[in-house]
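What follows is one structure encoded as structure tokens, with my remarks underneath.
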Amino acid sequence: MSLNIKDDDLKHGATLEMVEDRGHPRISAWDSAKANPKIILYSTCACMSSMLWGFDIGVSSISTALPGFKLVFGYEYNGELLISANWNALWTAMSSLGMLLGSVVCGWLADFWGRRAGFIVGSALSVVGVGIEYAAANAGTLLAGKIINGLALGFFLTLAPLYASEIAPMPLRPTLTAAVNFFINAGQMVAIGIGNTRFANLSPSSYKVLFAAQWAFPCFVLIFSLVMPESPWYLCRNGHEEAAERSLQRLYSKTENSDPAASALEEIKTAITQERVLNHLHGSSTYADCFKGTNFRRTRISCGMFVVQQSTGIALYAQALYFLGIIGLPNSLTFKLALAGFGVAMVGNMLSWGIMSYVGRRKLILIGIVLNCLVLMSTGIAGCFSATAALYYIGYTMNFAQVVYAPTIGAASWVICAEVSSLELRSRTQGLATITNALTSWILNFITPYLINTDEANLGAKAAFVWVGLSLLSLVWAWFEISLRNFETRIDEVTEQLCAAAENVGFFAIVDHGIPQTKVDAMFSTSEAFFSLPETAKRTVPWNPRNVGYECRSQIRPSTGAPDQKESYQLQFGENMKDMWISDQYVSGFETKALDFMHILQTVSEKLMICFARGLGFQDDFFVKAHDISKPNCQSVLRLLHYFETPKSNDGKTYHRAGAHADWDLLTLLFQRGDQCGLEICPGREVVTDWASGEAWTKVIFEPGSIICNIGDLLMSWSDDRFKSTFHRVKAPEEDGDYYGERYSIAFFNQPCKDALIQGPKKKYPLVTGEQFTANAMELQYKKLKQTLAEQSTDEAVGQPETPEMSEVLEV
Ligand SMILES: O=C(O)CCC(=O)C(=O)O
Ligand SMILES: [Fe+2]
């Protein structure tokens, strides 16, 4: 499995974005789209249910502008037909209230009876609600219809992103989730398109046609719900694994070489098991948990996204038609503008699918807020003038604000909301976000008519200043709250993947970790410069039992009894390095270069440590504190390795490069140069003290740019043997396909500070300090070595250890 860790250059400092790819080879969204047409079809259909919301907003806004509607529901004021601000506010607001209730009910219902049942109930509610709206002859009945249809909207807006994110493979997830916003715009556009043709008609049929057209959506969703595959996540969570498998088979196409449905099922099962372990460790996963610790931050971000949506003008834009009519623009123009505006918005949405791969979500949101704020400000300023040019300007900005809104805030906020929630609390966080969406749109939609109506505050376009203020507040909030370090926001998802890898294999690769390849290459060059020095120079910093310094062909592994065919130079951060840095006269700037690289590796390690701490139920900074490199007694090690070329001649001897061993640190980060392969692993270890006996070695395929990571004995014991410290070796080249040439590698061993206290949550092993753990590990190696040497009375080692005392304790 591999994890992507991306650098998301933020003002907050170096941050990491981790995106798990669920063990698949990393494929682009486009390749994934080509391979999964059925998933695209089903999730598009699900997202189309959100069109009803856009259509509803459009219809509400148009109908209030239609003369036919005003004749039935309006009253006369200063010789003009107006809709009372009270009713206007009630209709829009109560529809939002319905939506709020709908999303709460839907959350429970979809978890009990499934996503399909949710869609069916939502459609049924919508059919009834729309029917009442259609038949309504007075404002009160219309209100009832809008509330019931609002309930359905709550269902659809919760289910569409949930279902899309549950069936979409990772590369497609952002695009398919962002599609919700695309269809909301599409709904508005269709409503305006139909409404545009209804102006000349003064009879009730002018607006009734619009209401009736809404039936198309629940009918479509109803048909869709009958044919859609149920969410495999829902099925698995409820113990219906066979049904989940059938569902996945309908979503994925089997090929000759692969069965993506079967692997998807395995991944879902693993994730659910992990989720349960996490739930078990963290106690529970209730609504209350959404307001605790880091989850509270996730909840704030998810919900805040919708407050930002509303605060940056959506409520004002939604009233554009009615509002522009009030300030005196001809209806024919406002409709055309609205249509064009939504067309542009949809293109903007599509653009966002591409933009999101290049621009971080946080940047997109911040840019969106600033641009929107400028548009709103200019609209407000134009509202201070009565010239026709100002009127037209307002007309254009109100509609074309979508150009900046749609590809930024519009699209990114849905994706953030889906991504930010932790796996264990996903449906609850999503539910809370939909509730906030409904609540904010309810409040703002309630207020807006009062601000703009001529019989109320009569602010006209100056009302935009209210949103300028709200946008500025949003900007401050987003700046500080949403640091879209995906590492931060998706840490549980990453934790889940890391823990699965740690439990099963003990080895995993991380990619897109933010370390530039040039830095890695430079460190390899520095290492090569060191190893090219004459032996006398290298011997100026000889290895010592504090686990620092240079050694050559002296490390005898207990598993082989023979010294590794390599030389290595071990470096630390703290007091142990006194007089152990190779002098500048031999390799210029060695110490600075090495320390710079070590600090970078420490940063990456700390991110992984946070995940492991969380996975084990410790405080986030538990391991970070225990491996504090600013302490003089820290013991973490950077090891530069150089394996000698192996002769191809078959002289009957085995030239071990690095004999089978397990690392005894917390976590190792390993770099390999180019295609200098040879690393192999032997998973399957049950307890800390067992030694490898398995013969099945698996080659580790190195992906350029990645870092191979492995769990060491320290983390295995700290996790009460839950995480596996796997045996590995650098194979003795002996058959075709093996790499015989000289080989360079770099390993970073995260070792505990001497005073760190080490004990797992279940206290399986006695409490020891970092110093004792190190000493024990060395002692263990020493005993094994002595046994091995006693058994092998004759010296079978290839080459003589140059300093035997040293090799006896040199272990890592
Ligand atoms: O060089 C390698 O690829 C592995 C090195 C290693 O496992 C070690 O030094 O502990
Ligand atoms: Fe190792």
Side-chain angles (χ1 to χ4, degrees), residues 505-510 520 523-524 527-528 531 543 547-560 562-572 598 601 605 635-646 655-683 685 688 691-692 697-704 706-716 723-733 738-751 774 777-778 780-781 807 809-812:
V505 189
F507 265 77
F508 52 90
I510 57 174
V520 180
M523 195 61 230
F524 270 115
S527 161
E528 201 176 339
F531 289 120
W543 187 89
N547 211 19
V548 290
Y550 170 77
E551 63 75 34
C552 177
R553 286 198 176 96
S554 68
Q555 186 171 7
I556 300 182
R557 303 281 186 180
S559 58
T560 59
D564 287 347
Q565 290 302 294
K566 65 155 197 297
E567 52 183 341
S568 69
Y569 182 24
Q570 301 206 149
L571 313 164
Q572 292 187 18
M598 286 158 75
L601 298 187
S605 302
Q635 304 183 93
S636 288
V637 169
L638 181 78
R639 184 182 221 187
L640 307 177
L641 292 133
H642 175 219
Y643 300 87
F644 303 110
E645 187 171 356
T646 308
Y655 294 88
H656 296 285
R657 291 200 132 173
H661 67 282
D663 298 346
W664 49 268
D665 60 340
L666 186 93
L667 174 75
T668 310
L669 307 191
L670 192 67
F671 294 86
Q672 184 183 310
R673 206 177 200 190
D675 53 3
Q676 298 176 353
C677 58
L679 182 64
E680 295 186 332
I681 59 171
C682 178
R685 221 175 150 213
V688 164
W691 287 90
W697 289 93
T698 307
K699 287 190 194 328
V700 173
I701 309 291
F702 175 77
E703 211 185 297
S706 67
I707 309 177
I708 310 273
C709 304
N710 65 282
I711 306 300
D713 282 1
L714 177 62
L715 186 51
M716 186 160 174
F723 298 153
K724 305 297 178 201
S725 167
T726 299
F727 278 105
H728 54 283
R729 65 179 187 186
V730 181
K731 194 190 177 202
D738 286 346
Y739 177 71
Y740 284 78
E742 64 175 341
R743 178 177 188 272
Y744 287 90
S745 67
I746 299 173
F748 184 66
F749 302 101
N750 288 283
Q751 302 283 18
T774 309
M778 287 192 165
L780 179 71
Q781 304 290 327
S807 65
V809 282
L810 180 60
E811 181 279 334
V812 184

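First listed ligand is number 1; within each ligand, the first listed atom is number 1. Everything quoted here is computed from the prediction, not taken from an experiment.
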### Message
List ligand 1 atoms under 4.0 Å from Asp663, heavy atoms only on the residue side.
### Response
10 (O)
### Task
Determine yes or no for a side-chain-to-main-chain donor-acceptor pair under 3.5 angstrom, with Asn750 supplying the side chain and Leu666 the backbone.
no
### Summary
Of Gln635, Arg639, Gln570, the one forming a side-chain hydrogen bond (donor to acceptor under 3.5 Å, both in side chains) with Asn547 is Gln570
### Task
Apply side-chain contact (heavy atoms from CB on, under 4.5 Å) to the pair Tyr550 and Phe531, showing each step before the final yes or no.
CA-CA 10 Å; Tyr550 170 77; Phe531 289 120; 4.1 Å; yes
### Query
At the Fe ion (ligand 2), what angle lies between atom NE2 of His728 and atom NE2 of His661, rounded to 10 degrees?
90°
### Task
Please confirm whether Arg657 comes under 4.0 Å of ligand 1, counting heavy atoms of the residue only.
no
### Summary
A student checking ligand 1 against Tyr643 at a 4.0 Å heavy-atom cut-off should list atoms 1 (O), 2 (C), 4 (C), 5 (C)
### Query
Counting from 1, what ligand 1 atoms have a heavy atom of Val730 closer than 4.0 Å?
1 (O), 2 (C), 3 (O), 4 (C)
#### Entry: Close-contact set for ligand 1 against His728 heavy atoms, below 4.0 Å
7 (O)
### Query
Parallel, tilted or perpendicular: which describes the rings of His642 and Tyr744, with under 30° parallel and over 60° perpendicular?
parallel
### Task
Could I get the full list of salt bridge (Lys or Arg N to Asp or Glu O under 4.0 Å) partners for Glu680, not counting sequence neighbours?
Lys699, Arg729
### Subset of ligand 1 atoms that lie under 4.0 Å from at least one heavy atom of Arg639
9 (O)
### Task
Just do the side-chain contact (heavy atoms from CB on, under 4.5 Å) check on Gln565 and Thr646 with the steps written out, would you?
CA-CA 8 Å; Gln565 290 302 294; Thr646 308; 5.7 Å; no
### Query
Where's the contact between Thr668 and ligand 1, heavy-atom distance under 4.0 Å: side chain, backbone, both or neither?
neither
### Query
Looking at the Fe ion (ligand 2), which N/O/S atom of Asp663 is the nearest one?
OD1
### Query
Using a heavy-atom cut-off of under 4.0 Å, does the side chain or the backbone of Ala747 touch ligand 1, or both, or neither?
neither
### Query
Among all residues two or more places apart in sequence or in another chain, which pass the salt bridge (Lys or Arg N to Asp or Glu O under 4.0 Å) test with Glu528?
Arg673
#### Entry: Close-contact set for ligand 1 against Phe749 heavy atoms, below 4.0 Å
8 (C), 9 (O), 10 (O)
### Task
Could you walk me through whether Tyr655 and Phe644 pass side-chain contact (heavy atoms from CB on, under 4.5 Å), step by step?
CA-CA 10 Å; Tyr655 294 88; Phe644 303 110; over 6 Å; no
### Query
Is the closest heavy-atom distance from Arg743 to ligand 1 below 4.0 Å?
yes
